[in-house]
Amino acid sequence: MTSIDDTPAGPALSSLRRARDRFLGGRPPGDGVPEDLAQAWRRARFFGVPRDLTAPPRVRPPVDPPLLAAARPALDRVAPTLSGGMGLVLVDSRCRALWSGGGRYAGTSADVAGLDLSEKAVGHNSAALALRTGRRAEVHGPEHFLDLWQEVSAVSVPLYEPAAGRPAGAVTVVAPLAEDPTAHPGAAIAEATAHAVETELLGRARPPERLLLDAYLRQRADGAAVVALDGSSRLVSPEAARLLSHETLTRLERRATALVRDADTGPEGARTGAPAENTGPEGARTGTPAENTGQEGPRSAAPEESAGPEGAHTATPEAIAAPEEFAVPEEFAVPDGAGLTVRMSRLTHGGEVIGAVATVCPAARRARAAERHDHDRLPGLVGTSRPWRLAVSGATELARSAEPLLLIGEAGVGKTALARALLTLRGAAAPRVVDAAEQVPGEVPRWCHALAEREGGGPPLLLRHAERLGQSDVAALLSLLERRPAVPLVATHTPGAPTGPCLSRLLDILSARSVALPPLRERVEDIPALLTAFTGHPSPGRPPLTWSLDARRALEQHTWPGNVAELAHVVREVAERRRATGPVRREELPYGLRVPPATRRLSGMERAERTAILEALRRHGDNKARAAESLGIGRATLYRKLRAYGMDQA
């Protein structure tokens with residue numbers, strides 16, 4: 001559970017109301033609005049959330065969710081004690097409302113099960129914010145996007161699953177808006193309720209462990225080489241230990257973690273969830289994987305007496321829950337032996353994914369799998385992680401028809417590379433490439449005019465940085481799309497920059513056929529393949545660049561704000577600077593990559609200062625004297641700050 005943060009109050013409510021009115025009227029909200037709040041409003045507009053929504057939309061609620069069963073005793077105790085019109089709401093990891101009690105203030109009706117409170121459905125709210133950040137979140141009155149909640153103040157606390165490090169849901173306390181919301185009156189209640197629910201979740205955590213053990217033993221009985229994983233431990237049969245390397249077992253663990261995370265957050269959540277590493281938000285510890293590679297029984301087996309009515313036959317590895325796209329077990333090759341493949345199936349319990357069971361398959365099945373997936377491969381792309389493959393598969397399917405396609409993602413995730421591959425797949429003429437960031441006047445209007453004049457078509461347009469389009473370009477594209485909705489256009493968009501009403505309208509039209517690409521921190525299992533691709537052919541007389549396990553682990557722990565482009569820059573920098581032979585060691589990486597994540601939670605000011613220090617050290621080649629001078633501090637002060645932030649051992 002997160003600790004209470006004493007964050008300062010935001011701008012005055014009257015100023016926020018005026019800023020929100022300006023934003024909804026198509027004007028910039030103003031300098032007094034925090035950037036993260038302005039971005040939240042922009043996302044709501046991008047998702048097409050109507051401001052005058054009378055009630056949150058409904059989705060199919062989960063059947064007998066384990067979270068509600070664990071939380072109900074605490075919720076029933078707390079709800080009758082609430083006063084002042086306060087209400088209590090429980091949501092799951094997909095921000096679906098499961099239960100409400102207490103006051104009936106602004107949407108906390110008795111019939112709350114199934115209300116979709118996700119940001120895509122209702123815009124900015126405390127529950128969605130708490131699930132995304134993994135920390136307590138407060139949203140007051142005009143900070144909400146909906147008119148419905150302008151007189152509501154809400155505080156939400158995420159609920160962490162035992163030993164998993166990811167939120168299973170959130171507890172929200174709703175109250176009437178106060179004119180000076182320096183702190184939510186229900187913050188302490190939300191924290192205490194969340195603690196009680198997490199305690200109950202911990203007490204109920206044994207049956208899924210037993211199910212995972214039973215599935216493992218059942219596969220072992222058939223003589224298979226099997227690995228069972230739940231993200232915090234793994235059970236490895238002796239046969240699997242002989243066939244699979246430690247590196248492959250680690251990759252299997254990451255894949256299992258991704259399966260559980262994707263099922264919890266839905267297909268879209270896979271784009272914005274936590275990294276594939278087994279760490280929760282803000283470095284929450286998820287437990288150390290327990291290996292069992294040489295014994296008959298797994299080390300993390302639950303006691304026999306823990307088996308109950310939810311025994312071994314209530315779930316199987318093939319018992320697949322929604323969503324549909326994960327219904328087929330995943331099968332992929334591993335590098336440990338010729339013809340070896342692994343078949344991974346999800347294990348469900350009570351409608352929730354609790355882990356995965358992987359079995360080693362013979363060569364014939366690998367050949368069939370390769371034949372089945374050959375048609376999905378695109379030239380020039382690297383990566384086999386599930387988030388990346390899902391994004392590429394979705395984009396490939398959309399690209400089969402000559403209609404506009406929008407690729408969305410952070411800077412450097414590979415949007416342009418994917419766009420070029422998709423245009424190659426279409427087999428059309430060489431595309432006209434226009435980068436809106438270069439502000440070349442007339443390029444887009446000329447293409448629109450040529451396409452409108454020639455009914456037979458013309459070269460497709462690859463439009464980079466659509467968020468930087470000028471007014472004349474936006475007007476030309478909107479006019480063309482009104483006359484010819486099906487035009488050969490592939491555009492890339494990096495969210496975050498302010499957009500005017502015309503550009504927002506264009507992006508809304510293009511978003512009907514869009515794909516979001518995952519950042520590198522969500523597909524770290526692709527880093528070894530990307531390193532190989534970026535290393536390329538060495539210079540004459542120089543050995544190929546290889547990477548030690550410690551260096552690769554450091555690369556996988558990095559957050560990669562620049563994504564794949566940043567990784568490519570690091571590989572080039574290391575290749576140009578190194579004089580040693582043998583695998584690249586951690587000590588040869590740029591300073592910011594050698595430094596482990598912060599060992600404690602940092603304030604906003606501390607995070608900014610830590611980032612500035614790392615950037616200064618990178619710019620000056622790890623020379624601490626020059627870095628201190630560029631920062632305007634003494635060397636002794638720099639060393640003290642390095643020790644304070646746990647960076648002195650790098």
Side-chain angles (χ1 to χ4, degrees), residues 267 270-271 325 332-333 369-438 443-444 447 451 457-467 486-495 510-537 560 562-569 571-572:
R271 316 283 189 264
E325 62 190 285
F332 49 89
E371 181 180 352
R372 184 171 64 250
H373 294 298
D374 269 345
H375 68 281
D376 289 333
R377 293 175 182 166
L378 292 175
L381 301 183
V382 178
T384 58
S385 65
R386 189 172 189 84
W388 177 249
R389 287 191 298 106
L390 286 174
V392 172
S393 176
T396 303
E397 190 63 31
L398 291 174
R400 297 189 188 281
S401 61
E403 297 179 56
L405 175 61
L406 182 65
L407 301 179
I408 306 171
E410 298 177 6
V413 295
K415 301 186 291 295
T416 299
L418 177 56
R420 292 183 183 276
L422 293 173
L423 290 171
T424 302
L425 176 68
R426 286 179 173 177
R432 179 181 295 185
V433 181
V434 175
D435 190 340
E438 297 177 356
E443 281 291 311
V444 172
W447 177 81
L451 198 66
L461 176 65
L462 170 51
L463 176 61
R464 302 183 63 210
H465 301 110
E467 68 280 358
V487 295
L489 166 66
V490 178
T492 69
H493 171 48
T494 304
L510 296 178
S511 65
R513 287 170 49 83
S514 63
V515 174
L517 273 62
L520 183 56
R521 61 182 173 274
E522 293 181 9
R523 45 178 294 223
V524 292
E525 56 264 48
D526 289 336
I527 286 180
L530 290 168
L531 289 174
T532 301
F534 293 148
T535 300
H537 299 290
W560 295 110
N563 294 293
V564 178
E566 182 185 357
L567 177 62
H569 174 77
V571 173
R572 288 195 300 269

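Heavy atoms only: backbone and side chains are in, while hydrogens, waters and symmetry mates are out.
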List, one per line, each side-chain donor-acceptor pair under 3.5 Å for residues 412-419, sequence neighbours excluded.
unit_1	atom_1	unit_2	atom_2	d
K415	NZ	G409	O	3.2
K415	NZ	E410	O	2.9
K415	NZ	T494	OG1	3.3
T416	OG1	R464	NE	2.9

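- With sequence neighbours excluded, the residues that form a side-chain contact (heavy atoms from CB on, under 4.5 Å) with L531 are I527, W547, R552, L555, L567, V571.
- In terms of modelled atom types and a separation under 3.5 Å, the side chain of N563 and the main chain of A565 share no donor-acceptor contact.
- Shown here are the side-chain contact (heavy atoms from CB on, under 4.5 Å) partners of A533, two or more places apart in sequence or in another chain: V382.
- The 12-atom threshold is exceeded at CZ of R513, counting heavy atoms of other residues, nucleotides or ligands nearer than 6.0 Å.
- Partners of T384 by side-chain contact (heavy atoms from CB on, under 4.5 Å), not counting sequence neighbours, listed by chain and number: R251, R255, D526.
- At least one donor-acceptor pair closer than 3.5 Å links the side chain of T492 to the backbone N or O of H465.
- Residues satisfying the ring pair (Phe, Tyr, Trp, His ring centres under 6.0 Å) criterion with W447, sequence neighbours excluded, are absent altogether.
- Among residues two or more places apart in sequence or in another chain, the salt bridge (charged side-chain N to carboxylate O under 4.0 Å, His left out) test is passed with E467 by none.
- Remark: the backbone N or O of P528 is paired with a side-chain donor or acceptor of T532 at under 3.5 angstrom.
- A donor-acceptor pair under 3.5 Å is absent between the side-chain atoms of S393 and the main chain of L390, judged by distance alone.
- Under the salt bridge (charged side-chain N to carboxylate O under 4.0 Å, His left out) criterion, E403 pairs with no residue, sequence neighbours left out.
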**Request:** Report the C-alpha distance between V490 and L407 in whole Å, list the side-chain angles of each, state the deciding distance to 0.1 Å, and finish with yes or no for side chain to side chain contact (heavy atoms under 4.5 Å, CB included).
**Result:** CA-CA 8 Å; V490 178; L407 301 179; 4.2 Å; yes

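- Annotation: side-chain hydrogen bond (donor to acceptor under 3.5 Å, both in side chains) contacts of R572 (sequence neighbours excluded): none.
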